[in-house]
Amino acid sequence: MRRSAFFLLLTGLLANGQELLWENAYDEPLDFKCPPGQSISYIKSQHDNKREDRMWEFGCKNTFNSGSDCFLSPYANDFDQVLQFECPAHHFITGMSSYHSNRQEDRRWQFHCCRSNGQCTGHCEWTTYVNWFDEAFHWTVPNQNYLVGAESYHSNRQEDRRWMYKYCTKVQC
């Protein structure tokens, strides 16, 4: 009896600890930025049908050798509308910000973009959609590539978005 109580307590603590990896709570704002010199290396997301929102987790990887020039984009979408975003030429996505509307059950998105002198982008590709509506996903930027763009569309029927991402290699300018 004592052993099963300890197991349940430990399981509960581990489950709660896993929630700490998410960068936002359902229906709450999201503002994630990689540490200086890094860009997004993976994107993980989980959808909840009751709240009709997603929680997000991001990883980062070393990208820049020297100081970088960064900015936060304007909003890339309106609620329930297509999102099509690419950082300007030779910039990399280093973070993402959004807020959720319960009325529209959607998010508006902004992107943090950075560049560094002497480093340009080349050989770019778009993924196919990385998720289905209402499903969790985990997408990793391919090795030797860097995230530069995102595209998604919203379904009012599903109250969710499908996502695809653009990535490029890094080349000398």
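This structure is a prediction, so every number in the text was calculated from the model and none was measured.
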Run the side-chain contact (heavy atoms from CB on, under 4.5 Å) check on Asp160 and Arg54 step by step: do they pass?
CA-CA 8 Å; Asp160 193 19; Arg54 287 184 170 274; 2.9 Å; yes
Please assess His91 against Phe71 for the test ring pair (Phe, Tyr, Trp, His ring centres under 6.0 Å), listing each intermediate value before the final yes or no.
CA-CA 10 Å; His91 286 70; Phe71 69 92; 5.7 Å; yes
Test side-chain contact (heavy atoms from CB on, under 4.5 Å) applied to His154 and Phe79, step by step:
CA-CA 8 Å; His154 183 263; Phe79 294 118; over 6 Å; no
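Put simply, SG on Cys87 and CG on Leu147 are 7.5 Å apart, with the number rounded to the nearest 0.5 Å. Here Cys114 contributes atom SG and Ile93 contributes atom CD1; the two are 10.5 Å apart, rounded to the nearest 0.5 Å. Going from atom CG of Asp134 over to atom OG of Ser155 covers 8.5 Å, rounded to the nearest 0.5 Å. One finds the CZ atom of Arg108 at 10.5 Å from the CD atom of Gln81 (value rounded to the nearest 0.5 Å). We find the OG1-CG distance between Thr140 and Asn145 to be 12.0 Å, quoted to the nearest 0.5 Å. How far CE of Met96 is from CD1 of Ile43: 3.5 Å, rounded to the nearest 0.5 Å.
Other residues, nucleotides and ligands contribute more than 12 heavy atoms inside 6.0 Å of the CH2 atom of Trp126. Other residues, nucleotides and ligands place more than 12 heavy atoms under 6.0 Å from the CG atom of Asn156. Heavy-atom contacts from other residues, nucleotides or ligands closer than 6.0 Å to NE2 of His123 number 12 or fewer.
Looking at Tyr42 and Glu57, their side chains do bring a donor and an acceptor atom within 3.5 Å of each other. Of the N and O atoms on the side chains of Asp80 and Gln104, not one donor lies less than 3.5 Å from an acceptor on the other residue. For Ser97 and Asp31, the side-chain atoms include at least one donor-acceptor pair closer than 3.5 Å.
Looking at Ser39, its side chain never comes within 3.5 Å of a backbone N or O of Thr63 through a donor-acceptor pair. The backbone N or O of Gly122 sits less than 3.5 Å from a side-chain atom of Thr169, completing a donor-acceptor pair. A donor-acceptor pair is defined here as one N or O able to donate and one able to accept, closer than 3.5 Å; such a pair exists between the side chain of Arg162 and the backbone of Asn131. No side-chain donor-acceptor contact under 3.5 Å links His112 to the backbone of Leu72. A donor-acceptor distance shorter than 3.5 angstrom exists from the side chain of Asp48 to the backbone of Arg51, with no hydrogens or angles considered.
For the pair Thr121/Phe92, a side-chain contact is recorded, criterion being any heavy-atom separation below 4.5 Å from C-beta on. By the 4.5 Å heavy-atom criterion applied to side chains, Cys70 and Cys113 are not counted as neighbours. Contact annotation: the side chain of Asn117 approaches that of Arg115 to within less than 4.5 Å [non-hydrogen atoms, C-beta and beyond]. At a threshold of 4.5 Å between non-hydrogen side-chain atoms, the residues Asn24 and His100 do not count as touching. Side-chain contact between Met55 and Tyr26 is present, with at least one heavy-atom pair separated by less than 4.5 Å. Taking 4.5 Å as the limit, some side-chain heavy atom of His47 sits within range of a side-chain heavy atom of Glu52. You'll find the side chain of Glu159 stays beyond 4.5 Å of the side chain of Asn49, heavy atoms only. You'll find the side chain of Gln84 reaches within 4.5 Å of the side chain of Val82, heavy atoms only.
Remark: Lys166 engages Glu86 in a salt bridge, criterion side-chain N to carboxylate O under 4.0 Å.
The heavy-atom pair separating Cys34 from Gly59 by the smallest distance is SG-O, 4.3 Å. For the pair Arg107 and Ser98, the tightest heavy-atom approach, listed with the atom from each and the gap, is NH1-OG, 2.8 Å.
Residues Tyr167 and Met164 fall into different hydrophobic clusters, defined by Ile, Leu, Val, Met, Phe, Trp and Tyr side chains chained together at heavy-atom separations under 4.5 Å. Taken together through direct or relayed side-chain contacts under 4.5 Å among Ile, Leu, Val, Met, Phe, Trp and Tyr, Val148 and Val130 form parts of separate hydrophobic clusters. A continuous path of ILVMFWY side-chain contacts below 4.5 Å connects Phe58 to Phe85, so both sit in one hydrophobic cluster. Linking ILVMFWY residues whenever their side-chain heavy atoms come closer than 4.5 Å, directly or via other members, places Phe137 and Ile40 in the same cluster. Hydrophobic clustering of Ile, Leu, Val, Met, Phe, Trp and Tyr side chains at less than 4.5 Å, counting indirect connections, unites Trp139 with Phe111.
Exactly one of Tyr153, Trp109, Phe133 qualifies for a ring-ring contact (aromatic ring centres under 6.0 Å, His included) with Trp163. That residue is Trp109.
A cation-pi arrangement is found for Lys61 relative to Tyr146, the charged atom lying closer than 6.0 Å to the ring centre and inside a 45° cone about the ring normal.
Cys168-Cys124 SG separation is under 2.5 Å; the pair is scored as a disulfide.
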